[in-house]
Each structure stands twice: as structure tokens, then as C-alpha cells.
Amino acid sequence: MSTRSDRTYDPAAIEREWQATWDREGTNSFTLDELRTARRPFYNLMMFPYPSAEGLHVGNIYAFTGADVHGRFQRMRGHDVFEPIGFDAFGIHSENFALKAGVHPMDLIPGNVANFTRQLRRMGGMFDWDHTVDTTAPDYYRWTQWLFLQFFKHGLAEQKEAPVNWCPSDMTVLANEQVVVGACERCGTPVEQRFIRQWFLRITEYAGRLLDNLSAIDWSDTTRKAQRAWIRRSRGAEILFPVMEEADKEADGGNPAAIPVFTTRPDTIFGATYMVLAPEHPLVDAVTSDTARDEVDAYRARTRAMDLVARQKIEKHKTGVFTGGYCINPATRRPIPVWIADYVLMGYGTGAIMAVPGHDERDFDFANAYGLPIVRVVADEGEDAGTPLAIAYEYPQGTLVNSGRYDGLSPEEAHHAIVDHLGAEGLAESQVTYRLHDWCISRQRYWGPPIPIIHCEDCGPVAVPDEDLPVVLPRVEDFRPDESGVSPLARVRDWYEVPCPSCGRDATRETDVSDTFLDSAWYFLRYPCTDFDDRPFDAEITRRWLPVDTYIGGNEHAVLHLLYARFVAMALHDMGRVDFEEPFTQFRAHGLIIRGGAKMSKSKGNVIIPDPIIERYGADTFRLYLMFLGPFMAGGDYQDKGIAGPHGFLHRLWESVVPRNGELADGPPDPELETQLHRTIQRVTDQVAALRYNTAIAAMMEYLNAVRAGGRTPVRAEVEPLVRLVAPFAPHIAEELWRRLGNRGSIFDGANWPEFDAAKAAERQVRVAVQVNGKVRGTVSAPKGADREAVVAAARAEPNVARHLAGMAVRKVIHVPDRLLNFVVAREVVRTK
RNA sequence: GCCGGGGUGGUGAAAUCGGUAUACACAGGGGACUUAAAAUCCCCCGGGAGCAGUCCCAUGCGGGUUCGAGUCCCGCCCCCGGCACCA
């Protein structure tokens, strides 16, 4: 006996009930045994959140809902879908918040995680709560440390002194990927260059493979392009320019024999009229003459003081200083002056260039500013050796001139010939250079996994033995970073003073912690294996579930997390630990939710807080609305009132299955509705598969409108398939209606996605547009597949068409079957007798 | 500057192997039901002309190809995102 209230759509009540049921029945979780035996495994991954104190924001929910819809869809099509979630809770972000709030991160994070968990459950995600990870849990970061040691043991982690990016506000070094236009990606402070000994993972070893594999993986194009641009390969040559001896030069340390430069245009070497070193170049001192020394030192000091933003942005015109030294152009055998200038970067190539002002815009500007000679060595069509250069001619097309025996060759031929000939003398070598740098993972901060290394005076850096992992991050009340360039852990003497694991003598722990991005570079391997505490990931389960089938996340990680994760997987593959190189078979970048045309931000005051909306409308409505805003991969503009549409739709759906008066009737579906139903199934299936959720929802709305048109009462066969179609978007109401339709168990158990029947989707009659000279003048109804003659006859009978054809000669008739008919006409030539 | 993505009603957006532009939804207006509200249902809703049938114009701007262009080509303008002296 159903009561009145029992027949009213009450989202809060049914969502609470079904979430409890899912937990109780284990609907969304796998046992270890199930993970081992799943027959059609599908790993549906989304980027795990950083659990902020503010709670889940709309952007998180948008991304997770879109990924969850995909997971539920795959499940309804018969896959065993593993959909885990976790928390990326280490890192500067959390730590800075803790500093500001005056709370220890160890006290702060658990509350945030609990709040996120509550919100994630409330939005109705199909998460496996038995397989979550928290990167700050010792039983997780134990394996992050283990992972680092694998790199260390395979020679892929090394400590080296190199120019690194120092953020003076966060007081730590940053990876290149975390520096945006010379500023810290998090706080926007211009970064400084420092030379400190740091731990690097040698991602550059993998640059070529990371680049080449991109063309073979099913990823969003924008993401692949961003990675290509970031890694960027340049093919060219390294060429040695011997330094000219100076009689009066002191021999302190001896003169360098030659300075290597990297160039992509060895063919232009006859036009190299001077050389430029980066101000930080280690050979600057050696080439500088005594007379130039003061000026050179002053310039270097000035450059050092400049942050990278100033160096890259403000100094638009080029500056530099002559060192007083010369080296020999190995092609012309003539001396050329050596300059230093800040437009040459120590971080790329060799930090030294051969300047070819005739054929490089930057060198051209510099040569003009300092009166250095400009020589043409490539002539385009219609030019010759003497044609003056108004601007640098940079194209690799034309013919070599002023280049001795190479005159007349094409730049490409000359490129190879010159490298070959100089190579024979040991002065040149073909070389491929990448823009990608090694990944600096040291952080001089507190809130991260300690790097598991012990420094011993005798043994050098020694790995912490596996059985001593994890190196537990000690609770330190004063965890503020400082200017010193070392971590706050360096203030905790009784923690870092340990015996050397190798020789037993007094030694010290590494006090830096590792980059948060190392935590997240392997978390997807951990999820299915959290049942194991004696290994980071289990070989058998990993073989069954990985690589990840679909990964959905934000494109802001295109060159951060997504690059690091690929690198880690590739390295683990080479170590024989996993049998795939690429961890994510398919990656889709979702769009951004904006509001009022602008990104949501606290400063703009346009942030949407999801909790009250879910409370008022229910998670199903909110999910449906977010997915309806626009194409998932493009994002959408959040409009407060728009939620009324999806809300009404779910109400009408409910009302159709649970009529206010009486029961849902059985009986045959209306034939026209049946046709529309199958067309809808087809559209929704295609569009959901393509992540085009907005149009899928529109198709469902259209169908329900038709079912209810004019207040008609639908029968079961008309609405039951719609309940299945809507289930990925609005799982709670779908479960409830599924139950009320008389089914047992979850709609997500069993392959309940409706079957599309092409025969039933076929329309018998079609509307054909009739044009005269390309303008629509009417439509006619015709049987599907009607031939041209039949349609022409029907069209001519249409009064408005006939009117436009009157007095006209038909030159041509274009017929697009079942779509369109176009009469091409011209005014009839009137013949008079 | 370079590389992506995009400019369509009052608004979010549909339609891209060239084939009835504005689906779906919001906002707005009118109506039915109701004591009332909610919910539900019906109608109108790009601009202009006309009583109407209907006609003209409109997808950032200017050209072009085509029987036919939001869609393709050429030249611009604007917005969003990324990269930025990479030798």
C-alpha cells in the first residue's frame, strides 16, 4: 500500500537511502578476490583531489561527475568498472594553509579528508571506498620512498648542483614545470636562480620516447600538443670553437681548449661572426681578458640579481658585454670575438651560441646594437652574396654563399657536409637536444615524504634499506620554511643523525622532502593494490587492471602530472616492474566551469558552494545540470537559474513512472514513440560514449517531452528504457525507479544499458525540404527512400513551390535522398512569334 | 610573437562527410488546473514588412568557391587558454 508521500519525488530521502544501500551491499567496491578474477576489467580513473579546507568545489564535482558518468555507462554496458578516489594531501599548498591557519598539517589534513569523503559520497560517485589512497599516510609514502630508491638504484636519480628555480616566497626550489613565465605557479612570486645541490630524476633520458609515444596514444589533442611543445626536440650539431691563446694571459687552471656550442643551423657557420656565452657560463672567467674583467663581472652581477621574469620580459632590447677574448670559427679559421649576453640561457644547449646575425633574428638585433659584422651566407631566389640584409633571413631555403667550398649547396646539403667535414677533425658532432630538463624533486619544505637517503662521509649518499621504510616524517611543531636553502627537518638533529646503513659510522639523513608530483606520479598503481602492505603493487593485479582504460582530468596538468606519470611508468617498465610503457590508454581533458564568463575565484566572488545546492535539489539534479551546461570537454558557463531545467526533467520522469493517480500501465508503446525511443537510444549511446553529455541529456528531454506531450499518460515500455538511459547521470533516482518498476538489486549490476534496434528506429515517412535556387520554399512528406521522380512530383504540387517555379525554366534538380530537393531555375526566355 | 580553442537569439548552447540555422534548456510573456502555493500541462518568444498567405535580412568582419556555406578557401578583427630570447 503506497502512501501519498511515498509517491512524491523526494531526492534527499532516496539519495540517502541508496547511498546507504550501495555501502551496505558493496555495490561499488571490489574484494581482493573480485579484483583478481574480474572478467571485463575497466579501470576508470579521475585525477584525485587535493583536500583543501574549503571542501570540494564545483570544478572538482564537475570533473568527477563527468568521469563517473563514463564509469557508470561502461558498467551498464557490461564492464567490471573499478573507479577509485583518493587524496593528494602532501605539498606546499596544504602546508601553506596550515601555516596561515596556525594548525599543524597532521592535525589539519584528517578533517579535510573526512569532509571531502562526506561530499564525495553525497554527490553519488561510484567510488570504491575500500581502495582509497592518502598520499600522506605512511603506508602510502613508504612506497613513494621505495619508488625513489628504485630510481636511485637504477641511476635515474642523482644529486647534482645545477641552476634551479628558487621561490623566495615559498622558500623552496621548484621544478621547471612549476614555473610559469618566470614565476612560481602557485604564488606568482618571480623565481630566482640558485645553484644548490638537488635531487633530480633523469626524465631527459626518456625525452625521445616520451615524445615519440605521444603519436600512438589516445589522448586529447591539446594535451599531446602541450607535451610535445614542452619536450621539444631540436636536431642540430654541437660544434667546438677553439679558444685563441693570448700571450699575456695567466695560466690559472689553464685555458679551455675549445667552447662547444649547439646549433640547429650548422649550414650557416660561415656567417658566425661572434660568439655569445650565457653570463653564468663556467668558461666566462677563463676567456675574459684583464681589461674587460671589471665590465664583465659587473654585467654578470647584474644578471644574477635579476629574477627570471625581469630577464625574460623587461629587457626586450638586447644587452651584452665583450669579454676581450676570441675564439676561432672552425669553418672560416678566423678569430671571432666572444661576448656574454643574457639572451643566451645557461639552461639550454651548451649555454653558448655561435651568433649568425645574418640568419637569426636575435643575433641580428644584437649585432646591430653593438656594431658587429653581419654576413649573408644563404641567398634566396633572386638574391646573391652581395644582397644586403634588412632583416635576418631565417628560412632554410635557398643557396649557400660566402661559404667557401660549400657555396651553391642547399642549406640542408650544407648542414650535413659541414658537420661531416668538421666531424672528421673532431670539431663537430650531430646532436639532438631537448628543451625538457631533468625533474628536480627536492623541496626545502616540511610537508612531504623525506627523501630516503643517508649521507655518509665515507660512503656518499646511501639508500635507506627497504626494511627501514618508511622514513617517517617526524612531527615538528616549528615547520616554517626559511631562506637557508635547507628544509625545516635540518633543524631536527635527533631525527637526522643516524648511523650509515653501509658502514655504521655517524651519518645524516637527507633533510629535503620530495615534490608532491612524485606522490601523484604512481598513485594509480596503488589503488587496486591497497590490500597489500608488503608491496607497492601486485604483479598479477596490475597485469589485469592496468594500464588505465580511461583517465579524465584537467589540462592544467598536461606538462606536470601527466608527463611525470608517463615517465615513471616508462622507467618502471624498463626496470621490469610493469609490462606497459604508457600508463593511460585514453586520456580526456575536461573543460572548465566558469560563471558569468569568468573563472570562479574567491577574489571575484563568483564561487559556487555545492553543498547548499545539493541539499536543495539533490545530487542527481546537480549532476545532470553540470553535465547539461555544455560539452564536457569544453566546459560551460554556470547559470544559477538554469538548474530548474534538469530539476523539472527529473520530476517529470518520476511522475511518469510513479503517476500521482493510479499505477503505470502496461501495454504496447505508441508506434511513433517507439521509433523516437530507438532513435534516442542511438543518440544517447553515441553521445555518452563520446563524452558529449549535454546533447545526450537534450535528447532524453526531447523524448520525455514527446512521451508526455499534451498531458498523455505513458505506458511502461515507453519510460522504462529512459530510466536506464538516465542512470549514469542521475544514479539515485534511476535506482529507485528501477526498483519501483519491479526489479530487484541495483540497476548498475548487470548490463542494463538499453539495446538499440535499428529496425525500430527507422522512420517510414520523412520531411524533405524543397528549395528553389537554394532557398527553402516548402517541405513535403515522402516515404523514406522515395525516388527523385516521386519527390519532384510531390514538390511541384506544393503551392508555394509551384508559385516560385512559375515562369521559370528548370535547369537542374539536385536531390539529396530523404533530405532535400533543389530546383535550379532561370527566368524563361519568352519567345515571341 | 608562436601554438591551441572559440565568436550563432535576452542567456547557456544545438546543428561541422556542405543540405530545412537557432534542437534542448534558462529567462520573459500569455493561458489551463488549483482556495492558494508547489508540481503539471498548453501557447508565444532572432530582426524587419504585412490582416494574412508570405517575403526580406541575420551564425564576428570583408571577399571567394558552390545549385546550396555556421560548416570549405583567402584576408582581417575580437575573446579565452598555453608557450614565450630554446640558438
Side-chain angles (χ1 to χ4, degrees), chain A residues 8-9 180-182 221-223 225-226 228-230 232 234 236 261-265 268 276 278 311-313 315-316 318 341-345 347-356 359-363 365-366 433-436 555-556 558-559 591-592 594 596-599 625 628-631 633-646 648-649 651-652 654-655 660 692 694-703 705 708-712 767-779 799-800 803 811-816 818-825:
Chain A
T8 309
Y9 177 40
V180 177
V181 200
D221 237 25
T222 49
T223 315
K225 283 190 170 130
R228 277 198 194 102
W230 187 261
R232 200 209 284 174
S234 300
V261 304
F262 175 74
T263 177
T264 54
R265 296 292 303 275
T268 63
V276 187
R311 183 164 163 185
Q312 291 181 357
K313 278 232 139 151
E315 290 281 324
K316 224 43 201 171
K318 307 221 175 330
D342 63 7
Y343 81 92
V344 174
L345 309 171
Y348 189 77
T350 60
I353 62 157
M354 62 175 216
V356 184
H359 303 281
D360 181 281
E361 195 190 324
R362 294 153 300 172
D363 298 342
D365 292 347
F366 191 79
T433 295
Y434 296 92
R435 207 194 80 128
L436 182 70
N555 227 2
E556 69 273 17
V559 295
L592 242 50
I594 57 173
K599 227 172 176 168
Y625 176 52
F628 185 58
L629 281 175
M633 288 188 280
D637 197 318
Y638 190 96
Q639 300 194 97
D640 297 6
K641 291 192 171 164
I643 198 166
F649 169 73
H651 264 104
R652 289 189 290 277
W654 178 278
E655 164 77 23
R660 197 159 305 250
R692 293 169 54 174
N694 57 329
T695 49
I697 294 167
M700 290 188 264
M701 287 174 165
E702 233 174 306
Y703 175 68
N705 288 346
R708 294 170 62 84
R712 79 181 279 280
R767 304 289 312 171
V768 178
V770 182
Q771 298 182 335
V772 177
N773 281 350
K775 284 191 191 291
V776 180
R777 298 301 181 188
T779 63
N800 200 45
R803 195 163 63 82
R811 293 277 158 83
K812 201 159 136 191
V813 178
I814 313 273
H815 181 225
V816 182
D818 297 337
R819 300 222 47 150
L820 175 138
L821 190 72
N822 186 16
F823 292 100
V824 183
V825 302

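Just so we're on the same page: letters track the sequence lines, and every chain starts at 1.
Within the nucleic acid shown, A/V816 comes within 4.0 Å of at least one base atom, counting heavy atoms only. A/R712 comes within 4.0 angstrom of nothing in the nucleic acid, heavy atoms only. The residue A/D637 sits close only to the backbone: its heavy atoms come under 4.0 Å of sugar-phosphate atoms, none of a base. Among the protein residues, A/D365 comes within range of no part of the nucleic acid, since none of its heavy atoms lies under 4.0 Å from any strand. Within 4.0 Å (heavy atoms only), A/R435 reaches at least one base atom of the nucleic acid. Heavy atoms of A/R777 sit under 4.0 angstrom from primed sugar atoms or phosphate atoms, though from no base atom. Within the nucleic acid shown, A/A355 has no heavy atom closer than 4.0 Å to any nucleic acid atom. Across all strands shown, A/T779 has heavy atoms under 4.0 Å from base atoms, whether or not it also approaches the sugar-phosphate. Using a 4.0 Å heavy-atom distance criterion, A/N555 is classed as making no nucleic acid contact. At a threshold of 4.0 angstrom between heavy atoms, the contacts of A/E702 are confined to the sugar-phosphate backbone, with no base atom among them.
For the atom pair CZ (A/R652) and CG (A/N705), the distance works out to 6.0 Å, reported to the nearest 0.5 Å.
B/G48 adopts an anti glycosidic conformation, its chi angle falling more than 90° from 0.
Here the P atom of nucleotide B/A13 and the OH atom of A/Y625 are 10 Å apart, to the nearest Å. The nearest whole Å value for the distance from the NE2 atom in A/H651 to the P atom in B/A25 is 16 Å. Going from atom CE of A/M700 over to atom P of B/A25 covers 13 Å, rounded to whole Å. The CG atom of A/D640 sits 15 Å away from the C1' atom of B/A25 (whole-angstrom rounding). B/C24 atom C1' lies 14 Å from atom CD of A/Q639, rounded to whole Å. The interatomic distance linking A/L592 (CG) with B/G12 (C1') rounds to 16 Å, in whole Å. Taking atom CZ of A/R811 as the reference point, atom C1' of B/C67 lies 12 Å away to the nearest angstrom. Atom-to-atom, CG of A/N694 to P of B/U11 comes out at 19 Å; the value is rounded to the nearest Å.
Taking a pair to require two hydrogen-bonding distances under 3.5 Å in either a Watson-Crick or a G-U wobble arrangement, B/G4 pairs with B/C80. The pairing partner recorded for B/U59 is none, the criterion being a Watson-Crick or G-U wobble arrangement whose two distances lie under 3.5 angstrom. The partner of B/A37 cannot be assigned: no Watson-Crick or G-U wobble pair with both contacts below 3.5 Å exists in any strand.
As rounded to the nearest Å, B/G70 and B/A15 have C1' atoms that lie 9 Å from one another. B/A21 and B/U59 have their P atoms separated by 13 Å, given to the nearest Å. Taking atom P on both nucleotides, B/G60 is separated from B/G12 by 14 Å, rounded to a whole Å. A gap of 11 Å separates the C1' atoms of B/C77 and B/G62, to the nearest Å. Taking the P atoms as reference points, B/G18 lies 24 Å from B/G9, given to the whole Å. Nucleotides B/C72 and B/G6 place their P atoms 10 Å apart, quoted to the nearest Å. Taking atom C1' in both B/C73 and B/U66, the straight-line distance is 12 Å, to the nearest Å. Of the C1' atoms belonging to B/G10 and B/G75, the separation is 33 Å, rounded to the nearest Å.
Of the two residues near RNA chain B, A/R708 and A/F628, the one whose nearest nucleotide lies more 5' is A/F628. Map A/A352 and A/I594 each onto its nearest nucleotide of RNA chain B; the residue landing nearer the 5' end is A/I594.
Listed candidates were B/G4, B/U20, B/A13. Nearest to the side chain of A/T222 is B/G4. Ranking B/G4, B/U20, B/C56 by closeness to the A/A769 side chain, first place goes to B/U20. Of all nucleotides listed (B/C55, B/A15, B/C67), B/C55 comes nearest to the side chain of A/N800. When each of B/C67, B/U54, B/A87 is scored by its nearest atom to the side-chain atoms of A/I814, the top-ranked nucleotide is B/C67. Looking at the side chain of A/R652, the nearest of the listed nucleotides B/U40, B/C85, B/G68 is B/U40. With B/C55, B/G19, B/C26 as the choices, the nucleotide that has an atom nearest any side-chain atom of A/A644 turns out to be B/C26. In the set B/C85, B/C24, B/A13, B/C24 carries the atom at the smallest distance from any side-chain atom of A/M701. Comparing B/A87, B/C42, B/C56 by their nearest atom to the side chain of A/K775 picks out B/C56. Comparing atom distances between the A/N705 side chain and each of B/C55, B/U20, B/C24 picks out B/C24 as nearest. Listed nucleotides B/U20, B/C67, B/A87 differ in distance to A/S234; the shortest reach to its side chain belongs to B/A87.
The base of B/G82 lies outside donor-acceptor range of the side chain of A/E556, with no N or O pair under 3.5 Å.
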